[in-house]
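Heads up: the structure comes next, in structure tokens.
FYI, side chains are in, hydrogens and waters are out, and symmetry mates aren't considered; it's all heavy atoms of this structure. Throughout, protein chains are lettered first and strands after them, A, B, ... in sequence-line order, and every chain is numbered starting at 1.
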Amino acid sequence: MSQLPLSSQHIATNSSSQQQQQSSPPSSVRGATARQSPRASASSQTRPGVTVRVAPSSSSQSIHSTSAERSIQEPEEEERRCWICHGTSTEELEDPTINTHGEWKSPCKCALVAHEGCLLEWIADLQTSQHKTGKVTCPQCKTEIKMKQKDSVVLDIVNGAIKAADASIPVFILWLGSMVWIGCTVYGVNSVYLICGSEFANNLFLGQNATEFTDLNWSWRLAMGLPSIPIVLIGSRTRYMDAILPVIPFVFFVNSDPLHLTFPPSPALTLAVLPYIRGAYNSLWDRFLAPYEKEWLKVGLPAGSTSAQEAPAIQHRVEHNLDNVDIPDALQAEVEVERQWHGNVRVDNILINGTSLSRTIVGALLFPGVTAVMGSILGRIPFIRNRLPSAFHRNILGGCLFVLLKDLLRFYFTYKRAKQFRTRQVINYEKRKRASRSGRSSSSRAESEA
Amino acid sequence: MSFAVRRLQKELSKIHKDGLPQGISLVKADDFDEWLLDIRVFGENPLYKGQRFRLKFKFGNNYPIEPPEVTFTTGLERQIPMHPHIYSNGIICLDLLSPSQGWSPVQNVESVCVSIQSMLASNRKNERPEGNDEFVARNTKSPKHINFVYDDPTV
């Protein structure tokens, strides 16, 4: 929607008639008015409602204080009116305190003048509004309004740095992403060679009969599969991957190989079956061994530190105990400990969580290496070497054995720790003093002095 | 005294001294928050012949850096004019009144009235904007903050 010429004509006639009505300005100003009027009417025709550089007599207050003051001024001095606040130069002359908007400025080629303060406020508003166009133009003549500000090296540097950072973010993301991708791929290749052995891995990557590395059979399966190896390895340490893991081998490895049952099973079948073995192993462990482990882990934690979820369980156990129902030894022991000791051992949960996270990741990433080491150890045993001639199968078996050994060891250590905790005793102060007196070592004296 | 009040005092004293263009009259300007003005359209336009329309100006503290909120209101013998850019609740779709598009401090109450007067005078269509009923029923925003699309150079 645009403004009609009709409206501006309307105003133009209006303002020119105003000027005609101003019949008798003081003689000293008359010349200025005469000079000014063509410019004023010309400017007011371009836009409605704007009458700038109105003849001085239009300001009613100034009429009486005229000639003496005016004659001191230069003859060309005409009244200026700020197009933003509508304040005039005449009233400022009479009362200098009225002007709080700064110097008069004429920033464009048309007749509009304004206070610097008003202009700056308007420009700031323009630049903060949503539809900023960058350039600030005079609303009447559309001349660009130029500003200058003091250079600040610090601001320039900071602005430049922000701009450079903004520009480099996509590059950085690309760089970081490709680094991670390359790293994961290299890791993936490395673990395939570690686990499969170089012969089978070469077959996998280069095709059955390839001899040269240039025959690399790079397909989407490798491009996607290799980088995802470390991710899947880490994921397999959590329960989130339980649903996904069994599907992955079918996508990447088994696709082309027909299933045929032999002993030892083909590598593809082995890999496809592994996730199921893992699932079965995990559920067996959870069913039969995990409850004991859990109870042992609780030993050594104060009774008060059990979380709200576990509280009903303890209640349940105590009830069992009161009813003298047969309960497993481990539980019995736990209840006894509860009864004997109500101390306060604080465990820093956050620290443990942090280290256990990094332990999980590092453990997952080291797993292929450990598997290869276990495989080579198994390879030293002639019986296994005969039954499983390929390094791949020995490595897989080694990996499985390692997991089993590790879990059993952890199980054993948890048990030992719980047992050790139950032997704890608090030493009486008297006993301790006697012991240190009989010892008479310099270190113990230093200790007691401290 | 705030920026807006000083500027409005100037505008008011100018109106009192010089008067307003033909067809525009000041109805109420008791304070510097809200003014009422009546406009009439001259000429042979049958749509608005012999009618008066009432404009309500609401000024913020930041006037004239920010535009006033200008709407038509109903009253004694005052209807909302029929126009393809005037909604039946009085909201006017005019780029001049938008803070980000047409408004600049060079405008004033008089120039806004003149623009709206000419907008009516040139109109030949006896209709409301598209989607008027839905807009009137749903809109809770201040007219200043509605994002109109100013795309009609004919009106």
Kindly compute the distance separating [atom1] ([X]) from [atom2] ([Y]), expressed to the nearest 0.5 Å.
{"X": "A:Cys85", "Y": "B:Ile65", "atom1": "SG", "atom2": "CD1", "value": "9.5 Å"}
{"X": "A:Trp83", "Y": "B:Gln107", "atom1": "CH2", "atom2": "CD", "value": "10.0 Å"}
{"X": "A:His86", "Y": "B:Lys14", "atom1": "NE2", "atom2": "NZ", "value": "8.5 Å"}
{"X": "B:Ser104", "Y": "A:Leu112", "atom1": "OG", "atom2": "CG", "value": "8.5 Å"}

Taking only residues two or more places apart in sequence, or in another chain, which ones meet B:Val27 in a side-chain contact (heavy atoms from CB on, under 4.5 Å)?
B:Leu36, B:Asp38, B:Arg54

Run the side-chain contact (heavy atoms from CB on, under 4.5 Å) test against B:Ile15 and tell me which residues pass, sequence neighbours left out.
B:Leu20, B:Leu26, B:Trp35

Which portion of A:Cys118 sits near chain B, non-hydrogen atoms under 4.5 angstrom
both

Main-chain N/O of A:Ile84 paired to B:Arg7 side chain as donor or acceptor, under 3.5 Å
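Present.
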
Tell me, yes or no, whether the heavy-atom count around B:Glu127 atom CD, taken from other residues, nucleotides or ligands under 6.0 Å, exceeds 12.
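Above 12, so yes.
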
B:Asn62, CG atom: more than 12 neighbouring heavy atoms under 6.0 Å:
yes

